[in-house]
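Positions are given from 1, in the same order as the sequence printed here. These numbers come from a predicted model, not from an experiment.
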Amino acid sequence: MNLVRFENPRYNVNRTLVDELFNNFLRNDYHENYVNTCGASPATNVFETEKEFKIEVLLPGFVKEDLQLNVHKNVLTVKVEKEEKENNEVYKYAHREFGAKNFEKKYRLPKSVDAEKISAKFENGILNIELPKKEEALEKEPLAIKVS
C-alpha cells in the first residue's frame, strides 16, 4: 500500500491565488495592461425631477475641449477624446492603476425629453447635463370640474 499526500483543494486554490497576486504585483505589465484594456466607463449619476432629468458624469483629467455631446434619434452620446502624450522620458511605470482614457457612452432618452433644450456644463471634472421634459410630459395639477 502506497501513501499519497492529500492536499485539500480549498487550501491549494487559496495558495495559488496569493502566489499569483504577489507575482503580478511585482510585474509592471499587469496593471498597465489592465488600465489600457479594461474599457471602463466613468461613474455616472442619473436623476429625475418633475421638470427634468439630470446626468452627472465624473471626468477627472479632462478639460471642456475634450468633450463632444450630441443627440440623434433620442440617443444622447457623450464622447471624450484626448490626445495621449508620448512619454519621451526615461521613466517607466513601476505601478499604474489609473489613466485618462478616451471613451464613448450612449444614453437612450425617453420621448418626454425636449432635445432642443438640452444643456451641459463642465466644472471641476464633472459634466452636468440637464435634459428638460417637454411641456406636455409635465404632470399638471388636477383640474376642478364644476357639477351643475
Undergrad: To the nearest 0.5 Å, what is the distance between CD on Glu116 and CG on Asp114?
TA: 6.5 Å

Undergrad: Taking the side chain as every heavy atom from C-beta outward, state whether Ile118 and Val71 have any pair of such atoms under 4.5 Å apart.
TA: yes

Undergrad: If you look at every heavy atom in Leu127 and Ala120, which pair is closest and at what distance?
TA: CD1-CB, 4.2 Å

Undergrad: Test Leu131 against Ile55 for side chain to side chain contact (heavy atoms under 4.5 Å, CB included), laying out the working first.
TA: CA-CA 8 Å; Leu131 307 138; Ile55 300 174; 3.6 Å; yes

Undergrad: Grab the two heavy atoms, one from Pro132 and one from Glu52, that are nearest each other, plus how far apart they are.
TA: CA-CB, 3.8 Å

Undergrad: Looking only at heavy atoms, what is the nearest atom pair of Val78 and Tyr107, with distance?
TA: CG2-CE1, 3.9 Å

Undergrad: Between Leu76 and Asn70, is any pair of side-chain heavy atoms under 4.5 Å apart?
TA: no

Undergrad: So which atom in Val75 and which in Lys106 form the shortest heavy-atom distance, rounded to 0.1 Å?
TA: CG1-CB, 3.9 Å

Undergrad: Do Val46 and Phe122 belong together in a cluster built from hydrophobic side chains that touch within less than 4.5 Å?
TA: yes

Undergrad: Looking only at heavy atoms, which two atoms of Phe53 and Lys133 are closest? And how far apart?
TA: CE1-CE, 3.6 Å

Undergrad: With side chain to side chain contact (heavy atoms under 4.5 Å, CB included) as the test, would you mind laying out the steps for Glu130 and Ser119 before giving the verdict?
TA: CA-CA 5 Å; Glu130 293 180 356; Ser119 64; 3.7 Å; yes

Undergrad: Give a yes or no answer on whether the side chain of Lys79 reaches the backbone of Asp66 with a donor-acceptor pair at less than 3.5 Å.
TA: no

Undergrad: For Lys105 and Thr44, does a side-chain donor sit closer than 3.5 Å to a side-chain acceptor?
TA: yes

Undergrad: So Leu69 and Ile129, do their side chains get closer than 4.5 Å, heavy atoms only?
TA: yes

Undergrad: Taking all heavy atoms of Gln68 and all of Glu81, pick out the closest pair and write down the distance.
TA: NE2-OE1, 3.9 Å

Undergrad: Taking the side chain as every heavy atom from C-beta outward, state whether Asn74 and Lys111 have any atom pair closer than 4.5 Å.
TA: yes

Undergrad: Indicate yes or no: at least one non-hydrogen side-chain atom of Lys54 is less than 4.5 angstrom from one of Asn128.
TA: yes

